[in-house]
Amino acid sequence: MRFFLWIKKILFFCTYLAFVICGLYACASVGSPGGGDYDVDPPRFVRSVPEPNTTNFTGNQISIWFDEYINITNPTEKVIITPPQLKAPVIRAIGRRAFVELNDSLIPNTTYTFDFTDAIVDNNESNALQGFSFAFSTGDVVDSLEISGLLLNAENLEPMPKVIVGIHSDLSDSAFLTKPFIRTSQTNDRGKFSIRNIAPGTYRLYALQDANRDFKFDNPAEAIAFLDSLVVPDFEPAIRTDTIWQDTLTIDTILTVPYTRFTPDDVVLRLFNEKNDVQYRTRAERIFPYQFVMEFNSDIGMPPGIRLLDPERENNNWYTLEQSPDQKTMTYWITDSLVYQQDTLMVKVDYLQQDTLNNLVESSDTIRLYQRGRNRRNNDRDNNEEKIEFMHIGISPTAVVNVYDTVKITFSEPVLNFDTDLISMEQKVDTLWQPVNLSLTQDSLNPRIYYFDPRWPYKEEYKIKIDSATFYSVYGKWNDSIQVNIKTRAEDEYANLYVAVSGIEPIGFGQLLNRTEKIIKESQVIEGELRFQDVPPGKYFLRYIDDRNRNGKWDTGNFIEGIQPEGVYYYPGEFELKKYMEWEQSWDITALPVDKQKPLEITKNKPVEKQPKRSRNEERQQTNTSNTSSGGLPGTSIF
């Protein structure tokens with residue numbers, strides 16, 4: 001009997017222990033919350049105090065309720081108040097309520113609009129309520145007209161997000177410079193804008209990348225856009241169709257819905273930066289004993305006048321000047337040994353600078369230039385007395401080149417007594433190498449660079465050779481020997497593209513672009529045609545510049561002079577060029593509006609499709625599957 005009681009106790013204890021272990025396991029399991037779908041809907045407006053479109057409003061507080069808890073993200077940047085207020089209001093979220101406290105007086109008989117853009121989001125999933133606005137009037141009427149459109153970058157037709165767009169009822173040009181906008185909006189992520197609650201009248205329309213948030217163009221660094229014509233907002237009855245789908249393939253019902261269309265609703269503005277006449281020095285440093293660099297923000301009047309403040313050497317030819325391609329950076333190679341051996345140099349610089357009346361006037365600076373790391377370099381030289389430091393020579397391109405490539409020879413330091421005859425070039429004819437005349441041109445900005453720009457024949461071999469100690473630098477260094485071999489591609493490795501352009505005066509030029517919009521080839525319009533010859537196989541895109549002043553480059557606009565930036569157009573497709581292909585294409589440049597031309601593949605600001613969120617059950621199932629496949633059990637951790 002005692003034996004059975006003992007067995008019974010053991011069984012009871014084991015059962016109890018099993019329940020405890022299971023309980024502990026369940027408590028320790030890390031699992032997902034209950035099932036159900038995530039909230040993918042933005043907050044919905046419920047009510048407000050005052051009510052929307054209230055007239056004769058005299059208060060200083062606004063409360064707007066929604067159907068769920070909300071947050072307001074970056075209200076100082078995202079919430080656009082029209083007309084602008086000098087004292088910013090307090091805007092915050094309290095539970096399900098958006099609360100606005102006004103700190104500035106209100107203008108009588110004026111419609112006020114609070115455009116929240118995408119600032120209001122729900123508290124849990126951050127779903128944004130897009131384009132929500134709230135309006136009231138301090139007078140008897142709430143103005144209701146609208147102007148909408150699109151803002152593009154003038155140079156590459158990219159949609160421009162988060163830029164202020166506004167109107168003036170004062171039609172003089174000075175209003176944009178001296179007065180804040182009377183009504184504003186802000187472009188969304190795709191460059192679209194809609195200025196709401198406008199009173200009947202005639203207006204000027206502008207865009208402004210407002211750096212100081214004063215709603216006027218008073219900073220030459222701010223990007224702007226302006227419409228040449230006046231804008232008269234209006235409305236008209238219209239009809240649109242809405243489609244109800246049974247599923248992704250089957251249409252259930254097509255509804256005809258009447259609505260009020262506000263015009264204009266298709267304005268296209270082109271944003272640009274004016275050429276900045278403000279001139280100032282951004283950098284001056286002596287990197288090496290024999291070289292110093294000066295950099296300016298603009299190329300106006302470059303290079304500057306420069307004079308060494310040394311009575312014994314001020315008129316001596318003591319430097320060689322080198323300019324960057326944009327002509328804003330000057331590198332001065334000091335060629336006088338008595339100058340570059342000095343620890344400190346005093347230099348006077350004369351250049352053009354803008355005065356308080358925006359006029360360019362002569363200005364002078366005195367610059368003190370110190371040697372950097374002189375002692376370390378001298379010690380290094382003492383420890384390496386026997387090491388020969390050559391003047392480097394670079395030749396590019398090499399190996400297989402295109403028939404339109406330019407050979408560039410670059411010396412690491414300015415050269416004494418350069419002579420083209422000291423560089424040999426030979427062409428392979430059958431099995432023998434025969435000399436070829438080499439005609440080199442020195443770069444107009446960089447005296448260390450020489451060009452050889454031939455029209456290479458197809459499928460030929462060349463070699464360029466420079467013997468050792470052929471050239472000496474102004475600092476006594478000589479070159480090591482160098483030889484490069486060059487092969488040109490065969491004619492059947494290229495394609496030719498011919499594009500007949502129409503719809504515009506043929507004074508511009510075309511640019512053949514790759515997927516990153518790097519310019520591969522350019523062609524001037526000749527007899528109404530763009531001709532791109534000897535193009536390597538690949539996928540290309542085409543841009544056209546309406547070169548009104550015929551200077552071979554895109555030029556920006558000027559507001560005061562009423563000059564719009566030069567027109568830019570994109571062929572709305574691509575060219576898949578293959579070897580030995582001849583492609584002829586017609587292109588009416590104005591057949592499509594500019595906002596519909598640029599191919600999506602090379603558009604950087606692409607529309608973003610919001611991905612539907614998975615349900616919590618789907619995420620939990622995915623987590624469990626991942627845990628199982630990694631060797632664990634659902635709800636457990638492996639250490």
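These values consider heavy atoms only, across backbone and side chains, with no hydrogens, waters or symmetry-generated copies.
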With no hydrogens and no angle check, do the side chains of Asn549 and Asp555 hold a donor and an acceptor under 3.5 Å apart? yes
Verify ring-ring contact (aromatic ring centres under 6.0 Å, His included) between Tyr332 and Phe292, making sure each step is shown before the conclusion. CA-CA 5 Å; Tyr332 296 88; Phe292 66 93; 4.8 Å; yes
Value rounded to 0.5 Å, distance of CH2 in Trp456 from CG in Asp405: 9.0 Å
So how far is it from Asn273 CG to Gln209 CD, rounded to the nearest 0.5 Å? 7.0 Å
For Glu527, look at atom CD and say whether over 12 heavy atoms of other residues, nucleotides or ligands are found less than 6.0 Å away. no
Do Val499 and Leu542 come close enough that some side-chain heavy atom pair is under 4.5 Å? yes
Does a donor on one side chain sit under 3.5 Å from an acceptor on the other, for Asn496 and Glu582? yes
Value rounded to 0.5 Å, distance of CG in Leu369 from CD in Gln291: 11.5 Å
Side chains of Asp430 and Leu432 in contact at under 4.5 Å (non-hydrogen atoms): no
If we ignore hydrogens and angles and just use 3.5 Å, is the side chain of Trp554 paired with the main-chain N or O of Glu155 as donor and acceptor? no
Regarding Glu362 and Tyr351, is there a side-chain donor-to-acceptor distance under 3.5 Å anywhere? no
Can you tell me if Ser364 and Asp350 form a side-chain donor-acceptor pair at under 3.5 Å? yes
Ring centroids only, cut at 6.0 angstrom: are Tyr280 and Phe296 within range, meaning strictly under it? no
So, for Pro159 and Gly191, which heavy atoms are closest and what is the spacing to 0.1 Å? CB-N, 4.2 Å
When rounded to the nearest 0.5 angstrom, what distance separates CZ in Arg489 from CG in Asp534? 11.5 Å
Can you name the residues that form a side chain to side chain contact (heavy atoms under 4.5 Å, CB included) with Tyr472, not counting sequence neighbours? Ala469, Trp478
Hey, does the side chain of Thr488 reach the backbone of Val401 with a donor-acceptor pair shorter than 3.5 angstrom? no
Is a side-chain donor or acceptor of Asp467 paired with a backbone partner of Thr470 at a separation under 3.5 angstrom? no
Working for salt bridge (Lys or Arg N to Asp or Glu O under 4.0 Å), residues Glu517 and Lys604: CA-CA 10 Å; Glu517 289 200 78; Lys604 297 177 179 60; 3.0 Å; yes
With no hydrogens and no angle check, is any side-chain donor or acceptor of Lys598 less than 3.5 Å from a backbone partner on Asp595? no
By side-chain hydrogen bond (donor to acceptor under 3.5 Å, both in side chains), Tyr494 pairs with (sequence neighbours left out) Asn402
Could you pull out the closest heavy-atom pair between Pro457 and Glu460, with the gap in Å? CG-CG, 3.6 Å
Minimal non-hydrogen separation, Asn219 against Ala211, with atom names: ND2-CB, 4.3 Å
So, for Leu577 and Trp583, which heavy atoms are closest and what is the spacing to 0.1 Å? CD2-CE3, 3.5 Å
For Lys487, does the NZ atom have more than 12 heavy-atom neighbours from other residues, nucleotides or ligands under 6.0 Å away? no
Between the main-chain N or O of Gln511 and the side-chain N or O of Arg543, is there a donor-acceptor pair closer than 3.5 Å? no
Side chains of Asp365 and Ser363, donor plus acceptor under 3.5 Å: no
Using side chain to side chain donor-acceptor pair (under 3.5 Å), reason through Asn485 and Tyr462 one step at a time and then give a plain yes or no. CA-CA 6 Å; Asn485 295 324; Tyr462 299 87; over 6 Å; no
Yes or no on salt bridge (Lys or Arg N to Asp or Glu O under 4.0 Å) for Glu601 and Lys539, after CA distance, side-chain angles and deciding distance? CA-CA 11 Å; Glu601 186 169 349; Lys539 181 185 288 188; 3.6 Å; yes
Give a yes-or-no answer on whether the side chains of Gln442 and Tyr450 include a donor-acceptor pair shorter than 3.5 Å. yes
Exam field: side chain Tyr544 to backbone Gly508, donor-acceptor pair closer than 3.5 Å: yes
Between Val525 and Pro506 the two heavy atoms that sit nearest each other are CG1-CB, 3.5 Å
Please indicate whether Asn551 has more than 12 foreign heavy atoms, meaning atoms of other residues, nucleotides or ligands, lying under 6.0 Å from its CG. yes
Looking at residues at least two apart in the chain, or sitting in another chain, which of them share a side chain to side chain contact (heavy atoms under 4.5 Å, CB included) with Ala490? Lys459, Asp492, Glu493
Quick check: are there more than 12 heavy atoms from other residues, nucleotides or ligands sitting under 6.0 Å from NZ of Lys606? yes
Is the shortest distance from a Lys or Arg side-chain nitrogen in Glu295 or Lys328 to a carboxylate oxygen in the other one below 4.0 Å? no
When rounded to the nearest 0.5 angstrom, what is the spacing between CZ in Arg548 and CD in Gln564? 8.0 Å
Within the 3.5 Å criterion, strictly below it, is a donor on Tyr319 or Asp336 matched to an acceptor on the partner's side chain? no
Quick check against the 3.5 Å criterion: does Asn479 have a side-chain atom that pairs as donor or acceptor with the backbone of Phe471? yes
Ser412 side chain to His392 backbone, donor-acceptor under 3.5 Å: yes
Verdict with supporting geometry, Tyr475 and Tyr290, ring-ring contact (aromatic ring centres under 6.0 Å, His included): CA-CA 9 Å; Tyr475 307 111; Tyr290 49 82; 4.7 Å; yes
Asn437, CG: over 12 other non-hydrogen atoms inside 6.0 angstrom: no
Between Gln427 and Trp433, is any side-chain donor less than 3.5 angstrom from a side-chain acceptor? no
Can you list the steps and then say if Asp547 with Lys553 is a salt bridge (Lys or Arg N to Asp or Glu O under 4.0 Å)? CA-CA 7 Å; Asp547 190 18; Lys553 64 179 182 179; over 6 Å; no
Is there a donor-acceptor pair under 3.5 Å between the side chain of Asn74 and the backbone N or O of Glu77? no
Intermediate values then yes/no, salt bridge (Lys or Arg N to Asp or Glu O under 4.0 Å), Arg283 and Glu285: CA-CA 7 Å; Arg283 180 166 66 108; Glu285 59 181 338; 2.4 Å; yes
Which of these, Tyr571, Phe575, Tyr569, Tyr570, sits in a ring pair (Phe, Tyr, Trp, His ring centres under 6.0 Å) with Trp587? Tyr571
Check whether more than 12 heavy atoms from other residues, nucleotides or ligands sit under 6.0 Å from atom NZ of Lys162, and answer yes or no. yes
Would you indicate whether Tyr580, at its atom OH, is surrounded by more than 12 heavy atoms from other residues, nucleotides or ligands within a distance under 6.0 Å? no
More than 12 non-hydrogen atoms from neighbouring residues, nucleotides or ligands closer than 6.0 Å to NZ on Lys192, yes or no? no
Decide yes or no on side chain to side chain donor-acceptor pair (under 3.5 Å) for Glu322 and Trp333, but give the supporting numbers first. CA-CA 8 Å; Glu322 172 185 318; Trp333 297 86; 3.0 Å; yes
Heavy-atom pair of closest approach, residues Met330 and Pro304: CE-CD, 3.9 Å
Nearest-0.5 Å distance, CD of residue Gln327 to OG of residue Ser444: 7.5 Å
